[in-house]
S.K.: 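Below is the structure I would like to discuss, written out as structure tokens.
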Amino acid sequence: MAPIFRLVALMGGAPRRQVALSILFGALFAATTLIPPLLIRQLLLWLTTGTVGGSLLGLALLLLSVYLVRGVCRYWYGCFSHRAAYAVLHDLLVRVYEHLQRLSHRFYNEQRTGSLISRSVNDIEAIEDFIAHGIPDLALAAILPLAMVVVLALIDPLLTLVVVAPLPFAAFLIYRFSGDVRRMWRRVRSGVAALVAQVQDNFAGMTEIKSFGREREQAALVARRSAEFRDASVNANNLSLLPAAIVEVTGGVGVLLAVWIGGGFALTGRLSVADLFVFIAYLGYIYQPFLKLADLSDILHKAASSIERVFALLDETPEIVSPPQALTPPAPRWTLELRNVTFGYQEETAVLHDLSFRVEEGQMVALVGATGAGKTTIQRLLARFYDPQQGSVLVAGHDVRTLDLGWLRRQIAAVLQDVFLFHGTVRENILFGRPDATEEEMVAAARAANADEFIDRLPQGYDPVIGERGVPLSGGQKQPLSIARALLKDAPILVLDEATSSVDVATEALIQEAFTRLLRRRTTLVIAHRLATIRNADRILVLDQGRLVEQGTHESLLALNGCYAQLVRTQQVTDEWQLEPEPGAVQPLQAVDFVSKEVSRAI
């Protein structure tokens with residue numbers, strides 16, 4: 001029950017008041033439940049004694065007023081509980097999302113997106129159901145039987161003890177199964193998270209599934225996950241239904257005892273027929289809340305499991321945060337520097353090794369190297385998505401760990417190879433760089449990025465919805481939008497991470513022209529795939545397995561005839577597939593034949 005108490009402690013003032021009002025109206029509703037059997041008791045007394053002590057019309061009007069009050073109480077009892085539930089639902093959704101935004105990239109590398117969606121949406125919906133129905137119904141289940149037992153004890157204490165004797169036995173059995181039920185529902189919530197994660201993965205990779213003809217295998221994988229979720233749900237539900245069955249049987253035993261013992265008392269004259277009626281009528285109400293409570297065990301255990309999973313997210317500690325006395329330099333010089341940086345995504349496997357370099361303000365410096373050399377990792381360190389295990393990363397002359405995190409990231413604009421466009425209009429995606437920009441500034445950024453030509457050809461110009469990841473757009477159309485977004489942000493530091501590696505030559509020319517405008521008056525770090533795009537860099541840094549092996553201008557590195565020159569020659573072979581071979585070098589066609597033979601041998 002600790003997670004539920006923690007949830008109640010987390011609830012704000014308004015939801016707590018609404019829950020309290022719901023319980024209050026529930027208590028009034030319970031009180032009105034006591035009255036009708038007592039009024040009918042009075043009528044039975046008049047009938048059995050032959051003495052009418054009041055007005056039958058008055059009795060009927062009183063009964064009518066009781067049911068009117070019951071209806072009002074029932075309405076507000078439900079209204080306040082659902083208002084509180086939706087308020088908590090909203091608060092938890094926002095709180096969890098804001099907390100997830102603060103968590104580091106390392107956390108997301110270890111999680112499946114679908115699982116996070118399940119935990120941050122589906123589990124919170126289960127909590128809403130508990131607040132709307134569980135808390136007020138639990139209170140009602142405690143108040144109503146207690147009040148009725150008091151009334152029955154006033155009528156006949158001995159018979160009251162007899163008819164409620166089965167209750168402790170029922171309570172013990174319900175408690176006995178509660179731990180098992182909770183564990184089983186925890187497995188169910190984990191199962192639905194795994195199912196959602198698998199479906200989300202498949203939706204994201206639908207192109208690959210179809211390209212490789214793996215529809216049947218992936219459908220079978222989803223079916224297996226769904227079957228596991230189904231079986232876990234059936235098992236949990238089977239066990240959850242046992243308390244309701246136990247209460248039904250014990251309630252029947254209570255009525256049986258009332259008829260048997262109470263009937264005997266009535267036949268001997270110890271108990272009036274009117275009082276026996278009250279006993280039998282109240283017993284249904286006494287055991288009914290326990291039956292409701294047994295039904296609520298399903299909601300209760302689902303909620304307990306969901307609350308645990310939601311609070312497990314909220315308990316995740318962000319690794320990357322602003323320091324207590326965070327700096328925001330007033331007049332910075334926009335330099336970049338790495339000093340003896342060693343970093344690995346897993347501490348035991350370093351990606352960068354004792355790496356040091358400096359980029360002066362206004363310079364354009366390019367990073368080149370084979371795949372896995374650590375180029376993109378440097379970009380992530382500059383934006384402080386990760387902290388190095390050793391050494392320092394400096395921006396504007398300050399260690400990034402001493403800077404205000406929001407300020408730091410506002411100073412860096414990135415144009416990446418994998419462009420993400422949000423579900424929304426072209427306008428909204430460009431304005432993501434600076435939401436307060438004017439229409440003229442937004443259009444000017446699109447024009448400078450060479451995006452205006454294709455935007456003008458769209459049916460609604462800047463206003464068509466382009467969908468998640470900009471699906472209707474080609475790669476050559478997405479990239480200019482990303483550049484326009486970076487232009488509009490107008491940050492003093494620019495990072496271009498292989499931004500032209502996935503477009504054709506004609507589109508690359510337009511993007512390079514846009515880059516020329518984007519680079520002006522900015523400190524720029526270019527992570528290059530196509531080496532022809534960095535000939536004019538002030539300096540080129542060559543990385544090999546996380547180490548800086550060469551640096552210089554394009555011409556000086558070619559003259560050095562080292563790693564960079566080899567990369568240039570290799571790319572020329574790739575781009576043109578014709579290059580005068582060096583003495584003893586493998587001919588391009590010979591290389592193709594060699595690779596084909598090796599692949600055949602491997603198969």
Side-chain angles (χ1 to χ4, degrees), residues 1 3-40 62-91 125-154 164 167 170-171 174-175 178 240 243-244 247-248 251 254 278 281-304 306-307:
M1 298 297 289
I4 293 176
F5 292 140
R6 186 176 175 186
L7 173 67
V8 173
L10 187 70
M11 291 166 60
R16 283 189 189 180
R17 286 192 296 272
Q18 288 162 347
V19 169
L21 286 170
S22 176
I23 293 173
L24 173 63
F25 278 102
L28 291 174
F29 177 78
T32 59
T33 305
L34 298 172
I35 299 174
L38 294 177
L39 294 177
I40 297 173
L62 183 58
L63 195 60
L64 175 63
S65 64
V66 167
Y67 279 105
L68 287 174
V69 172
R70 278 173 61 83
V72 171
C73 291
R74 184 84 177 195
Y75 174 79
W76 288 111
Y77 159 73
C79 274
F80 282 118
S81 67
H82 281 83
R83 286 180 187 177
Y86 293 133
V88 172
L89 172 68
H90 166 72
D91 180 64
E125 285 182 343
I127 295 171
E128 179 270 328
D129 193 28
F130 166 70
I131 295 172
H133 303 285
I135 293 179
D137 285 359
L138 282 171
L140 195 60
I143 295 170
L144 186 59
L146 182 62
M148 288 188 167
V149 167
V150 170
V151 172
L152 293 181
L154 293 174
V164 300
L167 277 177
I174 292 172
Y175 174 77
S178 63
S240 296
V247 171
E248 193 73 49
V278 173
Y282 272 18
L283 277 176
Y285 286 114
I286 288 174
Y287 281 93
Q288 188 178 34
F290 283 93
L291 187 61
K292 182 69 173 175
L293 186 61
D295 291 336
L296 282 173
S297 67
D298 184 12
I299 296 175
L300 179 65
H301 290 102
K302 281 182 182 178
S306 295
I307 291 168

S.K.: With sequence neighbours left out, what residues match Ala27 under side chain to side chain contact (heavy atoms under 4.5 Å, CB included)?
M.R.: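 Ala27 satisfies side chain to side chain contact (heavy atoms under 4.5 Å, CB included) with Ile143 only.
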
S.K.: Please report the shortest heavy-atom distance between Tyr282 and Leu34, naming the atom on each side.
M.R.: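 In this case the closest contact between Tyr282 and Leu34 is OH-O, 2.6 Å.
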
S.K.: With a cut-off of 3.5 Å and sequence neighbours excluded, list every side-chain donor-acceptor pair involving residues 13-21.
M.R.:
from	atom 1	to	atom 2	distance (Å)
Arg16	NE	Val8	O	3.3
Arg16	NE	Met11	O	3.1
Arg16	NH2	Val8	O	3.3
Arg16	NH2	Ala9	O	2.8
Gln18	OE1	Ala84	N	3.3

S.K.: Please report the closest heavy-atom contact between Cys73 and Leu28, naming both atoms and the distance.
M.R.: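 Nearest pair, atom of Cys73 first, then Leu28: SG-CB, 3.6 Å.
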
S.K.: Measure across Val66 and Thr32 and return the closest heavy-atom pair with its distance rounded to 0.1 Å.
M.R.: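 The pair with the smallest heavy-atom distance is CG1-O, 3.6 Å.
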
S.K.: The criterion is side chain to side chain contact (heavy atoms under 4.5 Å, CB included); which residues satisfy it with Asp91, sequence neighbours excluded?
M.R.: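 Listed in chain order: Arg95.
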
S.K.: Report the residues that fulfil side chain to side chain contact (heavy atoms under 4.5 Å, CB included) with Ser22, sequence neighbours left out, ordered by chain and then residue number.
M.R.: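 Scan of Ser22 (side chain to side chain contact (heavy atoms under 4.5 Å, CB included), adjacent residues dropped) gives Tyr77, Phe80, Ser81, Pro136.
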
S.K.: Between OG of Ser306 and CZ of Phe130, what distance do you get to the nearest 0.5 Å?
M.R.: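 Nearest 0.5 Å value for the OG-CZ distance: 11.0 Å.
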
S.K.: Distance from Leu152 atom CG to Leu283 atom CG, nearest 0.5 Å?
M.R.: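 Those atoms lie 6.5 Å apart.
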
S.K.: Can you pull the side-chain hydrogen bond (donor to acceptor under 3.5 Å, both in side chains) pairs that have at least one residue in residues 66-76, sequence neighbours excluded?
M.R.: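 Non-adjacent pairs meeting side-chain hydrogen bond (donor to acceptor under 3.5 Å, both in side chains): Thr33-Arg70.
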
